[in-house]
Q: 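One structure, pasted below without further comment.
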Amino acid sequence: MTRQIVVEPLTIEAFQPYGDVIQLEGQRNIITANQGTARRVNHVARLVNLREASGPAVQNARPNMCIFSSAPRPTADGRFTVGLLERHPFSSQVFLPIHQRGVRDADPDTPCYLVIVAENGPDDKPDLATIRAFAATPTQGVNYKANSWHSPMVVIGRRVDFAVLVWENGVPLQDCEEAPISPVVVDLRPSFGPAPAASKL
C-alpha cells in the first residue's frame with residue numbers, strides 16, 4: 001500500500017531533527033545593527049564540512065555558493081508523489097529562496113516549496129516510517145544537517161530561484177548519495193489549498 005502523509009507548516013521547532021529553519025520570526029537572539037536600522041540574528045544555521053575530520057580516504061572540499069533555478073513539480077489533485085531521497089554525507093546544505101518567478105507582491109505567508117525529510121534507518125537508508133513534509137514560504141530558508149535524508153527541491157506552482165551553499169569535492173558519493181524509495185504521496189491541500197496553482201515555468 002502506498003504511504004500517504006499530510007504536509008505540515010515549517011517551523012523552527014518541528015524541523016530541528018533535520019536541520020535549521022532560516023527566518024527572522026521566532027528567533028530569540030535578535031539584536032540591532034546598522035545604526036539601529038536593521039535587526040540581526042547570528043548563527044541561524046550550523047554550517048559544517050565533516051571531511052576534514054573523516055581521515056585521508058575522504059578528499060577535502062570547498063564551499064560552493066551556487067544558484068538553483070527550480071521549476072515547479074507536477075501535482076495531481078492536490079498531491080505530490082516523492083520517489084527519491086538524497087543526502088550529503090559530509091556537508092550541510094543551505095537553500096535560501098531569492099526570487100519567485102511571475103509573482104508580484106507575493107504574500108510572505110503563502111508557501112511556495114516543499115521540504116521533505118526522513119530519518120536514517122538501521123539499514124543506513126531512509127526510514128519511511130519517519131518521513132515528513134513541510135510547506136515553506138518565500139521568507140523561509142532551510143539548512144539540512146550533514147547526512148540528513150531529504151527530497152531534491154520540490155517547488156509548487158511557479159519557478160523559484162534559490163541561493164545554495166554546500167561543501168563539495170567532486171566525488172559523487174561523497175557529495176551526494178541518492179536513495180530510490182517506495183512512492184510516498186504528500187497531501188498538499190492543508191497548506192497549498194484544494195488545488196495548488198497550476199505549474200508555470
Side-chain angles (χ1 to χ4, degrees), residues 1-23 44-51 53-54 57-58 61 63-64 66 68 70-75 79-97 111-137 140-156 160 162-188 190-192:
M1 179 180 294
T2 301
R3 181 178 295 275
Q4 300 190 40
I5 60 174
V6 178
V7 70
E8 311 170 46
L10 180 65
T11 66
I12 294 171
E13 295 75 18
F15 196 66
Q16 277 184 342
Y18 316 100
D20 310 295
V21 178
I22 303 171
Q23 64 180 42
V44 293
R46 185 170 180 264
L47 309 177
V48 299
N49 170 27
L50 302 179
R51 290 173 174 85
S54 300
V58 178
N64 181 8
C66 53
F68 277 50
S70 299
R73 300 291 192 99
T75 60
R79 295 171 174 84
F80 172 77
T81 300
V82 56
L84 178 79
L85 296 182
E86 65 182 30
R87 65 180 175 183
H88 310 282
F90 299 101
S91 176
S92 54
Q93 186 184 39
V94 172
F95 277 86
L96 291 172
C112 61
Y113 69 102
L114 283 181
V115 179
I116 303 172
V117 289
E119 297 176 14
N120 197 38
D123 58 353
D124 201 31
K125 298 295 182 183
D127 180 0
L128 295 190
T130 68
I131 193 166
R132 300 172 72 179
F134 298 97
T137 73
Q140 293 178 305
V142 293
N143 175 51
Y144 296 108
K145 289 181 179 179
N147 214 36
S148 180
W149 290 110
H150 60 276
S151 170
M153 179 50 66
V154 179
V155 165
I156 303 297
V160 180
F162 296 87
V164 178
L165 176 62
V166 62
W167 275 260
E168 295 177 327
N169 63 8
V171 180
L173 286 180
Q174 293 180 14
D175 285 343
C176 183
E177 177 185 355
E178 295 182 343
I181 61 172
S182 299
V184 176
V185 176
V186 182
D187 187 344
L188 307 175
S191 294
F192 291 88

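Quick note: residue numbers are just sequence positions, from 1.
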Q: Looking at Asn143 and Arg46, would you say the former's side chain and the latter's main chain have a donor-acceptor pair under 3.5 Å?
A: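 Yes, because the side chain of Asn143 sits within donor-acceptor range (under 3.5 Å) of the backbone of Arg46.
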Q: Side chains of Phe90 and Trp167: closer than 4.5 Å at any heavy-atom pair?
A: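 Not touching, per the 4.5 Å side-chain cut-off.
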Q: Just grab all the salt bridge (Lys or Arg N to Asp or Glu O under 4.0 Å) pairs involving residues 6-18, residues at least two apart or on different chains.
A: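 Applying salt bridge (Lys or Arg N to Asp or Glu O under 4.0 Å) to every pair that reaches into residues 6-18, excluding sequence neighbours, yields Glu8-Arg132.
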Q: So which heavy atom on Cys176 is nearest to which on Glu86, and how close?
A: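 For Cys176 versus Glu86, the nearest heavy atoms are SG-OE1, 3.6 Å.
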Q: Quick check: do Phe68 and Cys66 have side-chain heavy atoms less than 4.5 Å from each other?
A: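 Result yes, sub-4.5 Å side-chain heavy-atom pair found.
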Q: Can you tell me how far the CG atom of Asn49 sits from the NE2 atom of His88, to the nearest 0.5 Å?
A: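 The CG atom of Asn49 sits 13.0 Å away from the NE2 atom of His88.
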Q: When rounded to the nearest 0.5 angstrom, what distance separates CD in Gln140 from CD1 in Ile22?
A: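 CD1 of Ile22 is found 10.5 Å from CD of Gln140.
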Q: If I compare all heavy atoms of Val155 with all of Ala71, which pair ends up nearest, and what's the gap?
A: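 Between these two residues, the closest heavy atoms are CB-O, 4.0 Å.
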Q: Regarding Gln4 and Asp187, do their side chains bring together a donor and an acceptor under 3.5 Å, going by distance alone?
A: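 Asp187 and Gln4 do not have a side-chain donor-acceptor pair below 3.5 Å.
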Q: If you define the side chain from C-beta out and look only at heavy atoms, does anything of Val184 sit under 4.5 Å from Thr81?
A: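 Not in contact.
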Q: Between His150 and Ile116, is a side chain to side chain contact (heavy atoms under 4.5 Å, CB included) present by the stated rule, with each step listed?
A: CA-CA 5 Å; His150 60 276; Ile116 303 172; over 6 Å; no
Q: To the closest 0.5 Å, what do you measure between CD1 (Ile181) and CD1 (Ile131)?
A: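 Ile181 atom CD1 to Ile131 atom CD1 measures 4.5 Å (nearest 0.5 Å).
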Q: Taking Thr137 for the side chain and Pro111 for the main chain, is one N or O donor matched with an acceptor at less than 3.5 Å?
A: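 Not at all, since once roles are kept as given, no pair shorter than 3.5 Å links the two residues.
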Q: I need the minimum non-hydrogen distance between Ala135 and Phe192, along with the two atoms involved.
A: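 Result for this residue pair: CB-CE1, 3.9 Å.
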Q: Determine, step by step, whether Leu10 and Val142 satisfy the side chain to side chain contact (heavy atoms under 4.5 Å, CB included) criterion, reporting the C-alpha distance in whole Å, the side-chain angles of both residues, the deciding distance to 0.1 Å, and the verdict.
A: CA-CA 10 Å; Leu10 180 65; Val142 293; 3.7 Å; yes
Q: Got a second to check how far Ser151's OG is from Tyr113's OH, nearest 0.5 Å?
A: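 If we round to the nearest 0.5 Å, Ser151:OG and Tyr113:OH are 12.5 Å apart.
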Q: Are Val7 and Phe80 close enough, and set up right, to give a side chain to side chain contact (heavy atoms under 4.5 Å, CB included), and what steps lead you there?
A: CA-CA 10 Å; Val7 70; Phe80 172 77; over 6 Å; no
Q: Minimum heavy-atom separation for Val48 to Ser92, with atom names?
A: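 Scanning both residues, the minimum pair turns out to be N-OG, 3.0 Å.
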Q: I'd like to know whether Glu119 forms a side chain to side chain contact (heavy atoms under 4.5 Å, CB included) with Tyr18, so could you lay out the CA-CA distance, the side-chain angles of the two residues, the decisive distance to 0.1 Å, and finally the verdict.
A: CA-CA 8 Å; Glu119 297 176 14; Tyr18 316 100; 4.0 Å; yes
Q: Asn120 and Trp149: side-chain donor and acceptor closer than 3.5 Å?
A: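 Trp149 and Asn120 do have a side-chain donor-acceptor pair below 3.5 Å.
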Q: For Asp127 versus Ala118, what's the shortest heavy-atom pair and its separation?
A: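 Scanning both residues completely, I find the closest heavy atoms to be O-CB, 3.9 Å.
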Q: So do the side chains of Phe134 and Thr11 get within less than 4.5 Å of each other, counting heavy atoms only?
A: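 No; the side chains remain at least 4.5 Å from each other.
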Q: Answer yes or no: is there an ion pair linking Arg51 with Asp175, defined by an N-O contact shorter than 4.0 Å?
A: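 Yes, this pair counts.
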Q: Rounded to the nearest 0.5 Å, what's the gap from CZ on Arg87 to CD on Gln93? Could you check?
A: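 Arg87 atom CZ to Gln93 atom CD measures 14.0 Å (nearest 0.5 Å).
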Q: Could you report the tightest heavy-atom contact between Pro89 and Ala146, atom names first, then the distance?
A: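 Closest pair (atom of Pro89, atom of Ala146, distance): O-CB, 4.1 Å.
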Q: Please confirm whether Phe95 and Phe162 have ring centers closer than 6.0 angstrom.
A: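 Yes, close enough.
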Q: Taking the side chain as every heavy atom from C-beta outward, state whether Val186 and Arg79 have any pair of such atoms under 4.5 Å apart.
A: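 SC-SC contact between Val186 and Arg79 ruled out.
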Q: Without swapping roles, check the side chain of Arg73 against the backbone of Met153 for a donor-acceptor pair under 3.5 Å.
A: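 Yes.
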